Amino acid sequence: MTTISELLIETLAEAGVQRIWGLTGDSLNAVNAAQAKDGRIAFMHVRHEEAAAFAAGAEAAATGRLAVCAGSCGPGNLHLINGLYDCQRNHVPVLAIAAQIPSSEIGLGYFQETHPTELFRECSHFCELVTNPKQMPEVLHRAIRTAIARKGVAVIVLPGDVSMLEIEGAAPAFAPPIPARKLPDEAALAQAAAILNLSERVTILAGAGTAGAHDAVVALADRLAAPVVHAYRGKEHVEWDNPFDVGMTGLIGFSSGYHALMDCDVLLMLGTDFPYRNFYPRGAKIIQVDVDPSALGRRAVLDLAVEADAGAFASALAAKVPDGRDRRFLDAALAHYRKAREGLDDLATPRGEGKPLHPQYVARRVSEIASDDAVFTADVGTPSVWAARYLQMNGRRRLIGSFNHGSMANALPQALGAQAAFPDRQVVSLSGDGGLAMLMGELLTAVQSRLPVKVVVFNNGSLGFVEMEQKAAGYLPTYVDLQNPDFAAMAETIGLRGIRVTDSSALDGALRDAFAHDGPALVDVVTARQELSLPPKIQAEQAKGFSLYALRAIMTGRGDEIVELAETNLFR
């Protein structure tokens with residue numbers, strides 16, 4: 001006879017799952033025993049369940065395959081929820097095993113009782129409680145197929161006592177779902193072509209839905225004479241080897257991407273759900289193409305909504321666009337991009353001896369020194385800004401972050417997930433000091449699991465992006481100070497290679513040393529706290545707010561902040 005736990009592990013192994021990320025507990029004992037007995041799946045023991053979900057999500061993002069995380073009953077699986085929200089919003093296939101209290105105690109206020117079927121409903125496509133062996137394997141098969149086919153989270157809630165029950169009869173083999181490709185309708189193509197062929201200024205906004213469609217998007221941009229603005233999750237797919245790319249827009253973008261959107265008369269959105277309404281053009285026609293019909297028109301009023309694979313649509317549409325389009329709009333956008341790019345590169349310079357480093361310079365040198373197939377993860381906040389602006393993609397590199405959920409502390413556990421999936425590739429976490437400190441225990445996971453991740457810490461002693469937001473709103477920085485340890489010394493103590501950088505001249509050597517180290521390594525870079533990360537367009541409210549901050553700083557005796565701000569950003 002086979003127990004539910006044994007069936008669970010056997011089915012996951014047959015589905016190609018190689019590891020389960022989690023933190024064990026008594027309600028998971030039967031599952032862990034079955035996993036150890038089977039031997040085909042590794043249990044990746046993290047220090048916090050939130051990290052398990054982040055790591056599983058990064059593994060799924062890096063491989064495109066189902067990844068699994070697990071948490072014990074009550075607080076254990078509750079800790080998964082933030083990372084699972086990230087997985088769901090990043091559209092990656094993840095199965096979560098949420099262990100539950102004994103089935104006979106559910107509803108009676110038992111120790112550690114929660115109701116996972118309610119808690120996880122919002123961050124999953126599938127969430128079911130197993131109470132009887134006759135539910136298996138059908139519930140398990142449905143969960144796996146849903147996670148894979150819908151590219152999101154599925155949750156199985158499994159009481160500890162139920163996980164030990166035996167299943168009658170032979171278990172049917174798991175048949176994985178074959179993903180469908182939503183091909184564009186001819187009528188939709190004709191309507192899009194009619195709109196585009198009558199326009200003079202077309203801009204393409206490309207997102208993660210263009211994965212695998214780089215050449216089709218570039219070819220379409222050429223036919224349309226259209227600049228390509230990439231959303232953050234589209235960066236790794238369309239930015240590289242693209243003569244029509246003009247960068248990003250949005251809060252962490254820059255001016256060329258902003259104006260390419262705002263000045264167009266038709267915006268063609270390919271596989272993106274770019275969230276910031278203020279950065280959409282006013283008065284332009286908008287065509288959106290996405291495999292997810294619920295994403296169509298979610299951010300802006302559309303003139304044409306097309307449910308289709310973005311790459312297939314781009315490929316088919318190019319044939320319907322005649323040659324000889326006017327390229328003046330494209331040429332102007334590209335000239336603007338070159339100027340904006342030069343301005344950004346001018347900021348990525350070393351500083352004088354003993355001065356905290358410009359974070360732009362750190363990100364640029366990380367990009368230039370890292371391997372050609374490196375996987376980068378970036379913390380939310382200023383590390384995401386520098387990654388967006390200075391990491392160079394090439395079709396082989398990957399970039400993973402909490403780009404839709406926007407959670408702190410994502411980069412380190414995501415690096416663990418990517419490193420486990422690709423043990424022979426270089427994985428670099430661009431961590432903020434606040435993000436690193438929040439889940440700092442996962443450095444121990446890197447050591448214990450022998451995952452040779454490279455952690456570059458932007459150590460500015462502040463929650464930098466929050467501090468900038470406060471200043472832009474006219475407030476004095478409040479509750480953003482971070483009293484940090486020497487992260488490098490701490491790393492050495494717990495088994496990583498630790499290197500501290502306080503001078504620009506030492507950065508290259510430190511990065512090369514860390515990247516070459518045969519094991520996990522951490523580079524603690526002291527960066528300038530007052531570095532500005534300007535959005536592509538400064539709103540009047542932001543200018544007013546920043547002026548108000550400066551006045552308040554001077555009047556409350558904090559004028560040294562203004563001096564440091566000027567020295568960091570103006571006197572380079």
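Nothing here was measured: the structure is a model prediction, and the numbers come from that model. The figures that follow rest on heavy atoms only: side chains count, while hydrogens, waters and symmetry mates do not.
With sequence neighbours left out, Y85 forms a ring pair (Phe, Tyr, Trp, His ring centres under 6.0 Å) with H405.
To the nearest 0.5 Å, the span separating CZ on F54 from CG on D86 amounts to 4.5 Å. Note that CD of Q288 and OG1 of T272 are 7.5 Å apart. Values are rounded to the nearest 0.5 Å. With rounding to the nearest 0.5 angstrom, the CG atom of L261 is 11.0 Å from the CD1 atom of I204. To the nearest 0.5 Å, atoms CH2 (W240) and NE2 (H214) are separated by 4.0 Å. To the nearest 0.5 Å, atom CD of residue Q88 and atom CG of residue L84 are 9.0 Å apart. Between atom CD of residue Q426 and atom CG of residue D373 there is a gap of 8.0 Å, rounded to the nearest 0.5 Å.
R529 and D481 are joined by a salt bridge, as a carboxylate oxygen and a charged side-chain nitrogen come within less than 4.0 angstrom of each other. Taking a cutoff of 4.0 Å between a charged side-chain nitrogen and a carboxylate oxygen, R397 and E239 do not qualify as a salt bridge. Ionic pairing of D263 and R201 is not present here: no N-O contact between side-chain nitrogen and carboxylate oxygen is shorter than 4.0 angstrom.
Contact check for H91 versus R233: side-chain heavy atoms found under the 4.5 Å cut-off. For the pair Y280/M269, a side-chain contact is recorded, criterion being any heavy-atom separation below 4.5 Å from C-beta on. With contacts defined as side-chain heavy-atom distances shorter than 4.5 Å, the pair L412/L439 does not qualify. Contact check for V246 versus H336: no side-chain heavy atoms found under the 4.5 Å cut-off. Residues V366 and Y390 fail the side-chain proximity criterion, which asks for heavy atoms closer than 4.5 Å. Using a 4.5 Å heavy-atom threshold, the side chains of L268 and L224 count as touching. Within the 4.5 Å cutoff, the side chain of V289 has no heavy atoms near those of the L317 side chain. Using a 4.5 Å heavy-atom cutoff, the side chains of P356 and N460 are not in contact.
The main-chain N or O of R298 is never found under 3.5 Å from a side-chain atom of D273 such that the two would form a donor-acceptor pair. Checked by atom type and distance alone, the side chain of D290 never pairs as donor or acceptor with a backbone atom of A310 at under 3.5 Å. Using a distance-only test at 3.5 Å, with no hydrogens or angles considered, no donor-acceptor pair links the side chain of R425 to the main chain of S371. The backbone N or O of T478 lies less than 3.5 Å from a partner atom in the side chain of Q470, making a donor-acceptor pair. Of the possible donor and acceptor atoms, one in the side chain of N404 sits under 3.5 Å from a partner among the backbone N and O of R89. The backbone N or O of A411 sits less than 3.5 Å from a side-chain atom of D379, completing a donor-acceptor pair. In this structure, D524 contributes its side chain and N459 its backbone to no donor-acceptor pair below 3.5 Å. Remark: side-chain polar atoms of R223 are paired, donor with acceptor, to backbone N or O of V321 under 3.5 angstrom. At distances below 3.5 Å, not a single donor-acceptor pair connects side-chain atoms of R351 with backbone N or O atoms of S504. The main-chain N or O of R181 is never found under 3.5 Å from a side-chain atom of D309 such that the two would form a donor-acceptor pair.
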Set out, in order, the CA-CA distance, both residues' side-chain angles and the distance that settles salt bridge (Lys or Arg N to Asp or Glu O under 4.0 Å) for D345 and R389, then state yes or no. CA-CA 9 Å; D345 292 341; R389 295 179 177 181; over 6 Å; no

Run the side chain to side chain contact (heavy atoms under 4.5 Å, CB included) test on R325 and V202 for me, step by step, so that the C-alpha distance in whole Å, both residues' side-chain angles and the decisive distance to 0.1 Å come before the verdict. CA-CA 11 Å; R325 287 180 63 90; V202 177; 3.6 Å; yes

Kindly indicate, with the supporting measurements, whether the criterion side chain to side chain contact (heavy atoms under 4.5 Å, CB included) is fulfilled by I369 and F515. CA-CA 9 Å; I369 294 172; F515 291 174; 3.8 Å; yes

For V457 and N484, what are the C-alpha separation, side-chain angles and deciding distance, and is it a side chain to side chain contact (heavy atoms under 4.5 Å, CB included)? CA-CA 11 Å; V457 186; N484 292 325; over 6 Å; no

For side chain to side chain contact (heavy atoms under 4.5 Å, CB included), just list the numbers for V385 and F465, CA-CA rounded to whole Å, side-chain angles, deciding distance to a tenth of an Å, and then say yes or no. CA-CA 9 Å; V385 178; F465 203 82; 3.8 Å; yes

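When only modelled atom types and interatomic distance are considered, S505 and D503 share a side-chain donor-acceptor pair under 3.5 Å.
More than 12 heavy atoms of other residues, nucleotides or ligands lie within 6.0 Å of CD in E368, so this atom counts as buried by the packing criterion. Taking a 6.0 Å sphere around CD of Q392, one finds it holds more than 12 heavy atoms contributed by other residues, nucleotides or ligands.
Closest approach of V380 and S384 over heavy atoms only: CA-OG, 3.7 Å. P383 and G432 get closest at one heavy-atom pair: CG-N, 3.6 Å.
Relative ring orientation between F279 and F274 is described as perpendicular, the plane-to-plane angle rising above 60° on a 0-90° scale split at 30° and 60°.
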